[in-house]
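Here is the structure we will look at.
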Amino acid sequence: MRPVLPFPFSESDPIRHPGPPPQASDVVIIGGGVIGVTTALFLAKRNISVTLVEKGRIAAEQSSRNWGWIRKQGRDADELPIVIEACRLWQQLAEECGEDIGLAETGVTYLARSEKDMAKFDTFMKIAADHALDTRLLASEETARLFKGISQRYAGAMTTPSDLRAEPWIAVPALARLAARLGVTIVENCAARTLDLSAGRVSGVWTEKGRVATSTVLVAGGAWSSLFLRKHGVSIPQLSVRATVAATGPLPEIHAGAAADAHVAFRRRQDGGYTLAPGGSSLLYLGPDAFRHSIKYLPALMANPFGVCYLPAAPASYPDSWSTPREWTPDSVSPFEKMRILDPAPERSGLQSIERGFRQLFPQFETVPIKASWAGMIDAMPDVVPVVDRAQSIAGLFVATGMSGHGFGIGPGIGRVVADMIQGNDIGHNLHRFRLSRFSDGSTLRLGPAL
Ligand SMILES: Cc1cc2nc3c(=O)[nH]c(=O)nc-3n(C[C@H](O)[C@H](O)[C@H](O)COP(=O)(O)OP(=O)(O)OC[C@H]3O[C@@H](n4cnc5c(N)ncnc54)[C@H](O)[C@@H]3O)c2cc1C
């Protein structure tokens, strides 16, 4: 068994991809999370020169802090074809990278405490049938048999045995190494400050390590995308919420896959521990963007009024902090390099409830040894589905962001799609739902499943 890694990543970790950035590149990708890394990888496979700049370390923000669930279950109908493809790509990339990323087909299960909860599964069961997924409903006894020693008697569950898991903080850096071997120039500790525009189109990117000439830029900056884009007149109503996670040390196996009810979520890890989280609650810091975009978020808040808690202000240097500058120049320090790694403190009461909830569920564990805890800022859109599009106002600018709490699993699918979009190829999926203009063209937003 592999030991639990020192986690989360921090600025004191060695820079594994020092660069330097080249003077010119066909494509520049801003952001070294799963979206930026996999897009780079698919472009490099087509012999396109790619430079990926990352202000901190590869995967140091959301792409290593997530639960590691790769799920088709519970997906929005428009995302599902892409995530089905992503599951195939995960298998393929795991082989190509030649490293053990902890990929395993161990299933995802949603537990229902009541018949009312069971009824909520109906919508996805219909979507699953349309796509011939192996998703099925379990009765109460069958649910109990899935988890060794579980104390709670559930009304039943919905499960998708073919869903996957992987170790995010191993997987995304491994894919970055594969991308680098395929020729991608990755530059860590290198913030993109601004776009260089000529006659309304992209002609380069100003980074803190100089200018890279290019005709094509992808913004895949996670929680920072809105701040970067707004500087160039592209407005996306993106907000971020804090979510707390804990990792136990090795424990006897009670279930090999991932499962959640309304109170606790857990996933078996490759090292024999469990990654735990409190179910369904997150924290939003109220900054200028939160006020600016509040109307657009009303439907999501009304659908899940108690899912989000609020604090009046984000810590200094957060993307939507009151003191974060909204204006800077190519030759001045930008907000991106002021905060190389967004590393929110985990919520103490959340950690206690995680530990208590897991122990109550599995009373055979007299103690649950918590070995690490962390939090991440989940970047979300008002309709809980991402933006994957080209920017109409700036030729050569592409955006793939706002993955809304489920971008790890779908990551390689989005990466492949964006690589084809950049090349002008047939994408193979309908991306209308994910267009940028849906927030400004008067469309009624259709809510995807909750975060
Ligand atoms: C606690 C938690 C649990 C989650 N659980 C799951 C799960 O189980 N399954 C799932 O599918 N998803 C999950 N998610 C969501 C998933 O992790 C994200 O949707 C996904 O990682 C987003 O990837 P990304 O590449 O868009 O962004 P990120 O991983 O956030 O990467 C963006 C990168 O861009 C860099 N950057 C930003 N601006 C600049 C700039 N100007 N210059 C250079 N670099 C820049 C940042 O430093 C960052 O590294 C979870 C997220 C969290 C936080």
Side-chain angles (χ1 to χ4, degrees), residues 8-9 28-40 52-72 74-75 79 83 86 90 108 163-166 168-169 171-172 176 187-195 205-209 217-229 231 238 240-246 258 260 265 267 275 277-278 282 319 328 334-344 346 350 374-380 386-388 399-415 418 451:
F9 297 141
V28 173
I29 294 179
I30 299 173
V34 67
I35 302 300
V37 165
T38 54
T39 306
L52 184 155
V53 292
E54 165 52 56
K55 66 182 172 57
R57 302 289 184 279
I58 288 294
E61 295 193 349
Q62 294 174 85
S63 291
S64 59
R65 289 160 192 263
N66 67 70
W67 301 352
W69 296 30
I70 300 174
R71 62 174 173 87
K72 300 179 287 291
R75 284 275 169 177
E79 286 186 359
V83 83
W90 271 112
V108 160
D163 277 350
L164 306 171
R165 63 172 216 219
W169 56 85
V172 180
V187 196
E188 290 180 315
N189 233 38
C190 180
R193 287 177 171 167
T194 64
L195 299 175
V205 175
W206 286 104
T207 79
E208 63 181 296
K209 294 182 179 160
V217 169
L218 170 68
V219 175
W224 302 88
S225 298
S226 155
L227 184 65
F228 186 90
L229 289 167
K231 165 111 182 63
Q238 177 188 47
S240 298
V241 291
R242 185 184 73 175
T244 293
V245 190
R267 173 183 72 84
T275 294
S282 43
W328 56 92
S334 72
F336 311 108
E337 57 228 76
K338 280 212 182 122
M339 175 70 86
R340 297 231 174 251
I341 297 176
L342 192 50
D343 182 22
W374 64 89
M377 296 302 290
I378 298 181
D379 73 318
V387 170
V388 184
V399 180
T401 199
M403 298 293 141
S404 302
H406 40 267
F408 175 65
I410 204 172
I414 299 282
V418 176
L451 264 186

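Ligands are counted one by one from 1 in listed order, and the atoms in each one are counted from 1 as well. Quick caveat: nothing in here was measured; it's all calculated off a predicted structure. All residue numbers refer to positions in the sequence shown, counting from 1.
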Any idea which residues sit under 4.0 Å from ligand 1, heavy-atom distances?
Ile30, Gly31, Gly32, Gly33, Val34, Ile35, Val53, Glu54, Lys55, Glu61, Gln62, Ser63, Arg65, Asn66, Trp67, Gly68, Trp69, Cys190, Ala191, Ala192, Ala220, Gly221, Gly222, Trp224, Ala243, Val245, Phe336, Gly376, Ile378, Met403, Gly405, His406, Gly407, Phe408, Gly409
Applying side-chain contact (heavy atoms from CB on, under 4.5 Å) between Ile29 and each of Val217, Ile35, Leu52, report the one that passes.
Leu52
Among Val388, Val34, Thr401, which residue satisfies the side-chain contact (heavy atoms from CB on, under 4.5 Å) criterion with Ile414?
Val388
Would you call the rings of Trp328 and Phe336 parallel, tilted or perpendicular if under 30° counts as parallel and over 60° as perpendicular?
perpendicular
Restricting to non-hydrogen atoms, name the atom on Asn189 and the atom on Lys209 that form the minimum distance, rounded to 0.1 Å.
O-NZ, 3.1 Å
Test of ring centre spacing under 6.0 Å for Trp374 and Phe9:
no
Salt-bridge contact Lys55-Glu61 (side-chain N to carboxylate O under 4.0 Å):
yes
